[in-house]
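For reference, the structure discussed in these notes is given below.
Just so it is clear, the values below take in all heavy atoms, side chains as well, and ignore hydrogens, waters and symmetry mates.
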Amino acid sequence: MTLTLNRIEEASERIAPYIQETPLLRMNNLDPFLGCEVYLKMESMQKTNAFKIRGAMNKILQLPESDLERGIITTSSGNHGRAVAFAAKQLGIHATVVVPESGSIFKADAIEALGADLIRCDVRERFEVTEALAEKYDYTYIPPFDDYGVMAGQGTVGLEITSQNKLLDHVIMPASGGGLLSSSSTAIKLTAPDMKVYGAEPANLPRYTKSLAKGEVTAVTRKETVADALVTSQPGTRNFPIVQEYVDGMMTVSEEFILKGIKLLMMEAKIVAEPSSAITAGALLEGSLDVSPEDKVCLVISGGNVGLDFLEKLQYIHY
């Protein structure tokens, strides 16, 4: 199997009853700060408040009944786990979610509230723990990004963007393993070829920047980042070649400017965005892309799952 526009379009039809088309908002208030015409693709308004439900639901809906009866499992820093838990509740099946101990308590609580079993472990061991549990209980694993079924669902974000506005000049989206970036860049480039697509990743974890420079999947040293949904240490093996083909560039964003991006969106756009999606605004604030006032730039606000405890950190941040 590979990722094609047809598979993304099929995914769009398949998941339509379970998700909602999110708005693409023109945000004039942000123009003076970011130096361009700003548009926000509001995946924070999606069910589960993040884009991840698209990929998880598309994957799960294609599983045979026997797999559903045995139950499903995944590992996630939060948003994918919440999506899997939500899908499982909708379909009446059992889900287990392995989360890093260092992850967001707010996101972990949301997963448990949906009825999934929650397992906490060291972030470096989460894939091994998940694999062991899947083997022990014969659960079906739902990957967070490195899977064509998941990717096809996530690519519907890009499909919606071009259907909502084909005149955009640039689209910037967060990147971790690369599920959203690879799939949505596929949808964008195959429906609006002149649109430029960029990925934004934490400067502390520049896995795509380094991998693209080397021409191969490369792991980076794990460092802490406030962007808790972007903590993967290397690109997905299925995602990377697609990013190589379709993405026009990567941006690394410092921790300082990720926080500035959150506060800018909150104070000027009245949008509550989690760090991992505000990284797109942070990239522009940090000057990662040369834009003009006439450029139409879309920032993908991939999620809004952030608690009040975190927002207190923004008190002394200035953008």
Side-chain angles (χ1 to χ4, degrees), residues 1-16 18-26 36-37 39-43 46 50-59 61-62 143-201 208-209 211-212 215 217 235-251 277 280 283 289 291 295-302:
M1 182 186 287
T2 57
L3 185 67
T4 64
L5 180 59
N6 184 58
R7 291 189 184 279
I8 297 171
E9 291 170 338
E10 288 175 350
S12 180
E13 294 182 12
R14 185 178 295 115
I15 66 178
Y18 301 95
I19 69 156
Q20 58 192 43
E21 180 174 328
T22 56
L24 181 66
L25 303 179
R26 172 72 175 97
C36 55
E37 291 187 17
Y39 297 76
L40 303 181
K41 177 58 173 167
M42 295 302 301
E43 283 299 291
Q46 184 57 263
F51 77 97
K52 289 285 191 176
I53 185 61
R54 297 172 181 267
M57 187 61 78
N58 187 55
K59 177 69 174 180
L61 287 173
Q62 295 180 81
F145 54 86
D146 199 5
D147 176 273
Y148 291 123
V150 172
M151 291 157 66
Q154 293 172 350
T156 60
V157 175
L159 204 61
E160 284 183 15
I161 289 172
T162 58
S163 71
Q164 291 167 328
N165 191 334
K166 277 194 164 62
L167 300 179
L168 296 169
D169 296 298
H170 308 286
V171 179
I172 306 173
M173 60 189 77
S176 185
L180 175 66
L181 181 60
S182 62
S183 59
S184 285
S185 64
T186 299
I188 290 169
K189 290 296 187 176
L190 296 180
T191 55
D194 293 335
M195 217 175 276
K196 302 291 186 183
V197 181
Y198 302 90
E201 61 185 354
Y208 267 97
T209 300
S211 295
L212 290 169
V217 172
T237 56
R238 294 170 182 80
N239 310 121
F240 179 69
I242 300 174
V243 170
Q244 276 185 307
E245 182 174 1
Y246 289 128
V247 173
D248 295 283
M250 292 299 302
M251 307 170 183
S277 56
T280 56
L289 182 66
V291 294
D295 285 342
K296 297 174 173 59
V297 182
C298 171
L299 307 180
V300 177
I301 306 302
S302 55

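In terms of heavy atoms, I242 sits closest to M151 at CD1-CE, 3.5 Å. Pairing each heavy atom of L61 with each of R14, the nearest pair is CD1-O, 3.7 Å.
I188 pairs in a side chain to side chain contact (heavy atoms under 4.5 Å, CB included) with only one of the listed residues (L159, V247, V171), which is V171. For the salt bridge (Lys or Arg N to Asp or Glu O under 4.0 Å) with D147, the qualifying choice from R7, K59, R238 is K59, the only one to do so.
Taking CD1 of I15 as the reference point, atom CD1 of I53 lies at 8.5 Å (rounded to 0.5 Å).
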message: Would L190 and Y246 count as a side-chain contact (heavy atoms from CB on, under 4.5 Å) here? Give the steps.
response: CA-CA 9 Å; L190 296 180; Y246 289 128; 3.7 Å; yes
task: For side-chain contact (heavy atoms from CB on, under 4.5 Å), just list the numbers for V300 and I161, CA-CA rounded to whole Å, side-chain angles, deciding distance to a tenth of an Å, and then say yes or no.
output: CA-CA 9 Å; V300 177; I161 289 172; 4.0 Å; yes
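Annotation: side chain to side chain donor-acceptor pair (under 3.5 Å) contacts involving residues 187-197, sequence neighbours excluded, comprise T162-T191, K189-D248.
In this structure, D169 does not pair ionically with K296, as no charged nitrogen and carboxylate oxygen lie closer than 4.0 Å.
A donor and an acceptor atom, one from each side chain of S302 and E43, are nowhere located under 3.5 Å apart.
Contacts of S182 classified as side-chain hydrogen bond (donor to acceptor under 3.5 Å, both in side chains), with partners at least two apart in sequence or in another chain: N239. By the ring-ring contact (aromatic ring centres under 6.0 Å, His included) test, Y18 is found to be paired with no residue, residues two or more places apart in sequence or in another chain being considered.
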